[in-house]
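Here's the structure we're looking at; comments come further down.
Heavy atoms only: backbone and side chains are in, while hydrogens, waters and symmetry mates are out. Chain letters run A, B, ... following the sequence lines, proteins first, then strands; residues in each count from 1.
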2 protein chains.
Amino acid sequence: MINITLPDGSVRQYKKGTTSLDIAKSISEGLARKVLSASVNGQVWDAARPITGDATLKLLTWNDADGKNTFWHSSAHLMAEAVETMFPGVKFWVGPPVENGFYYDMDLGDKKMTEEDLTALEKKMNELAKQSNSYIRKEMPKSEAVKYFTEKGDEYKLDLLQNLNDGEITFYTQGNFTDLCRGPHIPNTGFIKAIKLMSIAGAYWKGDEKNKMLTRLYGVTFPSQKELDEYLQMLEEAKKRDHRKLGKELGIYTLDDDVGPGLIMWLPNGTVMIEELEKLAKETELEAGYKRVVTPHIAKESMYITSGHLPYYAESMYPPMEMEGEKYYLRSMNCPHHHKIFAATPKSYRDLPYRVAEYGTVYRYEQSGELFGLMRVRCLHMNDAHIYCSKEQFNDEFRAVNDMYLKYFKIFGIDKYVMRLSLHSKEKLGIKYVNEPELWLETEAMVRNVLKESNIPYVEVQDEAAFYGPKIDVQIWSVIGREFTLATNQVDFSQGRSFKLQYTTADNHTETPLIIHRAPLGTHERFIGFLLEHYAGKLPLWLAPVQVKVLPISDKFLDYAKAVSDKLKKADIRSEVDDRNEKIGKKIRDTELLKVPYMLVVGEKEMNENKVAVRRQGKGDAGVKGVDEFIAEATAEIKERRAE
Amino acid sequence: MINITLPDGSVRQYKKGTTSLDIAKSISEGLARKVLSASVNGQVWDAARPITGDATLKLLTWNDADGKNTFWHSSAHLMAEAVETMFPGVKFWVGPPVENGFYYDMDLGDKKMTEEDLTALEKKMNELAKQSNSYIRKEMPKSEAVKYFTEKGDEYKLDLLQNLNDGEITFYTQGNFTDLCRGPHIPNTGFIKAIKLMSIAGAYWKGDEKNKMLTRLYGVTFPSQKELDEYLQMLEEAKKRDHRKLGKELGIYTLDDDVGPGLIMWLPNGTVMIEELEKLAKETELEAGYKRVVTPHIAKESMYITSGHLPYYAESMYPPMEMEGEKYYLRSMNCPHHHKIFAATPKSYRDLPYRVAEYGTVYRYEQSGELFGLMRVRCLHMNDAHIYCSKEQFNDEFRAVNDMYLKYFKIFGIDKYVMRLSLHSKEKLGIKYVNEPELWLETEAMVRNVLKESNIPYVEVQDEAAFYGPKIDVQIWSVIGREFTLATNQVDFSQGRSFKLQYTTADNHTETPLIIHRAPLGTHERFIGFLLEHYAGKLPLWLAPVQVKVLPISDKFLDYAKAVSDKLKKADIRSEVDDRNEKIGKKIRDTELLKVPYMLVVGEKEMNENKVAVRRQGKGDAGVKGVDEFIAEATAEIKERRAE
């Protein structure tokens with residue numbers, strides 16, 4: 001008998017050679033139908049693979065990232081089988097799971113695959129899936145594997161074999177398809193219920209443009225048709241909400257070749273959004289007792305050696321500027337400058353917690369190929385802050401940071417979010433992690449405690465902390481279900497010491513403060529990109545670059561329109577007049593496209609009664625109102641930062 | 001007879017060989033007593049030098065920079081004469097006028113000059129001045145001059161002679177002192193009525209540390225004792241108001257070796273000032289129809305080649321960062337980025353004037369030795385903006401910019417200011433200036449006209465415009481009479497073309513806009529430095545980092561003090577509680593030193609009546625008031641940005 005430890009800590013005994021699938025069945029048949037693979041002693045295995053010794057076991061389903069990867073990797077094999085039936089003689093390179101689905105790179109010889117083939121391939125895949133063919137694992141001596149592919153004339157798999165050692169080579173077979181593969185795979189093809197082939201692309205063998213161009217076929221699969229339908233609908237919606245498309249249409253940002261890739265230039269409308277976000281953060285932080293600072297974007301090499309950015313983070317930084325025998329670097333993080341602010345004047349326990357906030361701009365080198373709209377850029381504006389506190393103050397400070405997140409989530413209608421708490425690993429203390437076993441356990445417990453007490457959904461991840469303390473990654477989902485990494489919170493034992501930061505305690509000793517790194521709005525760039533998608537460009541009133549457009553029915557009412565608009569401006573409402581010589585219908589249509597929240601139509605009647613005919617973007621007529629009445633309503637909507 | 005043209009354009013006839021002094025006397029004896037030198041055909045001459053041909057003449061007095069320089073240069077000779085009497089055998093190097101006075105570098109052999117010698121030297125100078133010895137000019141063949149100094153054994157003057165050509169060598173003699181000197185000089189030593197020797201310093205010969213160390217003696221002189229007294233008093237006051245001293249005492253800014261020289265780090269109190277200035281500028285600019293943008297601090301080399309910053313301005317820029325085969329530069333000006341914003345979307349006459357504002361940060365390389373507190377720095381934050389307009393709109397736009405200056409001057413109590421209008425020179429069109437003769441005359445006339453109509457004091461300077469248009473330098477004086485260059489306004493015909501900026505006119509042609517470069521608050525750094533001196537650190541309420549300090553008489557009233565402070569904060573008043581266990585007298589003294597505008601003392605009586613005992617910084621008791629009454633008064637004072 002062997003002992004199997006389950007995630008809840010319970011230990012069950014099974015016969016030696018039992019499989020994860022057997023264990024799942026012993027718990028419930030329903031569970032067994034969902035098991036895609038299993039984590040056995042931390043390694044992902046086929047659910048059908050016999051377990052021969054004591055093990056910790058986690059059954060993996062569609063809800064686990066590793067389960068999903070198994071599903072998609074098996075789908076790539078299924079796709080390859082279908083391709084082989086339609087393109088005999090095809091040779092395969094690699095077929096991994098990716099963020100949303102999977103692909104397979106293949107050499108079709110002198111044949112060509114077209115968009116029209118995709119339907120037939122999908123049909124074939126569905127047919128093969130219905131056969132519920134098992135994925136059968138077979139260990140293979142290297143010599144035999146080489147012989148097999150040599151006879152087949154498959155130079156690609158032979159190339160892969162070169163880097164594999166004898167004893168670690170496995171083949172997987174489902175139906176009539178056999179592949180050299182490390183696995184794992186799902187139990188059988190019947191799990192794959194919904195299939196969509198997405199696109200065909202070219203990809204150089206091994207990513208090297210000197211090599212042959214292979215055909216890359218992308219697909220995505222799901223355990224049910226409903227999930228596929230939802231996914232395709234989300235994609236359709238995401239396309240409409242693409243922040244790059246909206247960013248251009250709404251005049252949010254631009255890029256320029258002479259400035260450089262990834263260096264966003266914020267146009268007037270985008271700048272209004274930035275300033276409204278800053279205002280929100282400043283108000284929030286003022287109330288929470290933060291002090292604001294302004295620091296330069298550059299510093300000498302010596303600062304980044306102290307902080308450890310150099311040499312460890314050098315490849316993510318812009319190259320240095322050399323002058324007067326010194327190297328200056330554009331900063332990639334604000335923390336070192338803030339540490340220097342802390343150190344600039346002597347600190348005592350009376351000064352703690354010392355909370356330093358800055359709308360800091362940082363520069364990070366991202367490969368040109370990685371740059372993507374507002375999501376991956378080289379110049380980032382951050383609502384950044386660092387909190388220097390004593391161990392006793394940590395709990396309250398960390399809780400306050402969490403509360404700030406929750407406040408922001410509420411304002412922006414972010415209903416789905418999760419915090420990913422990355423912990424240290426005991427074995428790697430002094431290697432990957434600062435060697436402070438007690439501080440680790442203590443702060444991890446404090447963080448966990450606050451997350452629990454605040455009812456914040458969170459997951460724990462072992463062995464992924466930062467060098468200097470536990471790390472919390474905040475994941476949020478937009479209204480259409482796309483996931484974004486918003487920000488990272490870090491607890492820091494170490495930099496305080498590196499920078500020799502100290503404060504005098506009440507009993508006149510010196511202590512090094514703990515540091516909390518936090519930036520709950522993440523970067524302007526990513527957050528505004530997220531908001532554009534989240535709101536489909538229909539920003540809430542308080543965030544809208546132009547809040548009101550006054551539309552005179554004809555030029556006769558232009559003066560009145562201007563007077564109304566001026567009155568709105570005096571009341572701090574961002575207002576414009578559509579003074580073009582156009583029909584009112586066209587004015588309304590154009591303003592709708594610009595997603596201006598309110599349109600005030602004015603004609604004879606409105607002018608005579610000092611009123612406006614209100615239209616809400618996307619919703620049409622909202623009645624005739626007095627100008628002052630409208631101002632009062634709009635002002636309240638802005639002040640409360642109402643979603644609508 | 002010769003024709004002498006005076007500054008008012010009138011022409012008078014005089015005998016050939018007449019002197020400027022004679023001409024002054026022919027106008028009025030009183031004027032003649034004030035003439036220090038004269039500008040003859042644009043060259044500064046001795047007032048006593050005979051004029052032998054037709055000339056334009058400007059008599060120079062103490063009120064002209066060149067007159068003052070003559071006065072101080074002559075004072076250096078007087079000082080040298082005094083030194084020679086007390087240190088026989090002294091050899092002199094050079095003795096120029098400087099910003100506030102003059103110095104002379106000298107080799108005292110094995111003797112040493114001490115602070116004690118200064119009084120005796122001053123006495124001797126006064127004695128020599130009273131002799132009213134004339135400064136007598138004598139032309140000298142080079143051979144004779146060399147012979148003279150060879151016999152004297154004066155290697156310093158021989159060194160100077162090496163670089164002079166025969167025919168241009170002159171000697172000046174007053175009393176018993178003769179010097180090799182280009183001149184000009186004042187008529188006689190009797191003009192020098194008040195003398196102060198300031199300090200002794202060491203200075204390497206020719207500024208090279210491999211050379212001998214000479215003695216540099218600084219002095220300052222005036223035409224009256226009253227002016228000297230005022231100057232010394234101003235210096236005394238300026239010392240107390242030194243922005244570096246106040247900057248430290250009030251927690252405004254700091255510098256750090258690891259960040260780098262000239263890179264200001266704004267501490268929380270300084271950041272409040274920055275944010276209040278930004279708020280003022282944003283409000284002002286919003287009302288004036290500016291749009292705000294945010295752009296990166298770097299750009300590719302290609303942009304700065306288009307703008308002409310490279311190679312012409314390269315030595316004032318940080319060196320480039322090289323990556324991906326491109327050079328990136330930290331920007332030293334914001335204009336090119338703004339031009340790119342203008343170009344980002346098609347523009348029509350309806351979009352003009354297009355006013356783009358940004359709190360832009362720029363980086364400029366200043367020699368380490370030139371760096372000085374907040375006045376000369378390497379990282380500058382600017383309230384910058386560029387206005388793109390048609391020729392027809394220029395007048396109104398430029399006037400609006402001027403009005404903005406006047407608004408700011410009023411808010412900050414800047415009573416003395418002057419605009420220095422730099423014009424082109426016809427002869428240098430196409431060389432030093434864009435070859436657009438009509439545009440030059442037209443815009444210069446427009447600028448002049450606006451300055452006149454706005455009653456702004458201004459002076460015109462020939463041949464000092466920017467390459468691309470007339471330039472206005474704004475000079476202001478602090479309350480103690482120190483002069484600061486605040487900002488530069490520029491009219492620009494040229495960059496619009498370099499950047500291919502265009503707009504569609506009403507009749508469907510394309511035109512290049514005119515550009516106004518403006519930054520009326522100058523840089524944060526310099527302006528805050530100015531304000532610290534101007535207000536002696538006693539900032540007006542709206543600018544004060546901490547506006548109110550609540551001082552409980554004892555711990556018994558701490559809770560009440562905190563409640564008052566919280567109420568103030570809710571009303572957006574920056575308030576703190578002095579919760580130290582100190583006597584009220586000490587609390588008041590310490591708060592006075594921090595120059596917090598209002599102190600609210602609270603004890604038994606105040607607590608029971610929900611009142612506060614108000615003290616105004618530097619003024620003492622201001623009566624007991626209800627908390628709400630105080631809040632209403634302070635809020636009004638802040639909102640109106642009252643000086644006090």
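At a 4.5 Å heavy-atom cutoff, His524(A) makes no contact with chain B through either its backbone or its side chain. Of the two parts of Pro261(A), the backbone and the side chain both hold a non-hydrogen atom closer than 4.5 Å to a non-hydrogen atom of chain B. Residue Tyr365(A) touches chain B through its side chain alone, counting heavy-atom pairs closer than 4.5 Å. For a residue to count as touching a neighbouring chain, one of its non-hydrogen atoms must lie under 4.5 Å from one of that chain's; by this rule Tyr363(A) touches chain B with the side chain only.
The structure places CD of Glu326(A) at 9.5 Å from CG of Asp258(B), a figure rounded to the nearest 0.5 Å. For the atom pair CG (Leu263(A)) and NE2 (His297(B)), the distance works out to 11.0 Å, reported to the nearest 0.5 Å.
Between Lys569(B) and Leu286(A), every side-chain heavy-atom pair lies at or beyond the 4.5 Å cut-off. A heavy-atom distance below 4.5 Å is found between the side chains of Asp579(B) and Arg350(A). Counting heavy atoms from C-beta outward, Met265(B) and Thr295(A) have side chains that approach closer than 4.5 Å.
The number of heavy-atom neighbours closer than 6.0 Å to CD of Glu315(B), taken from other residues, nucleotides and ligands shown, is 12 or below.
Listed options Val356(A), Val272(A), Leu330(A), Thr345(A) were ranked by heavy-atom pairs under 4.5 angstrom with chain B; first place goes to Leu330(A).
Note on Arg378(B) versus Glu324(A): salt bridge recorded, some NZ/NE/NH1/NH2 to OD/OE distance being below 4.0 Å.
Residue Ile341(A) is tested with Leu267(B), Thr271(B), Asp256(B) for a side chain to side chain contact (heavy atoms under 4.5 Å, CB included); the sole match is Leu267(B).
The two residues Tyr354(A) and Pro268(B) make their nearest non-hydrogen contact at OH-CG, 3.6 Å.
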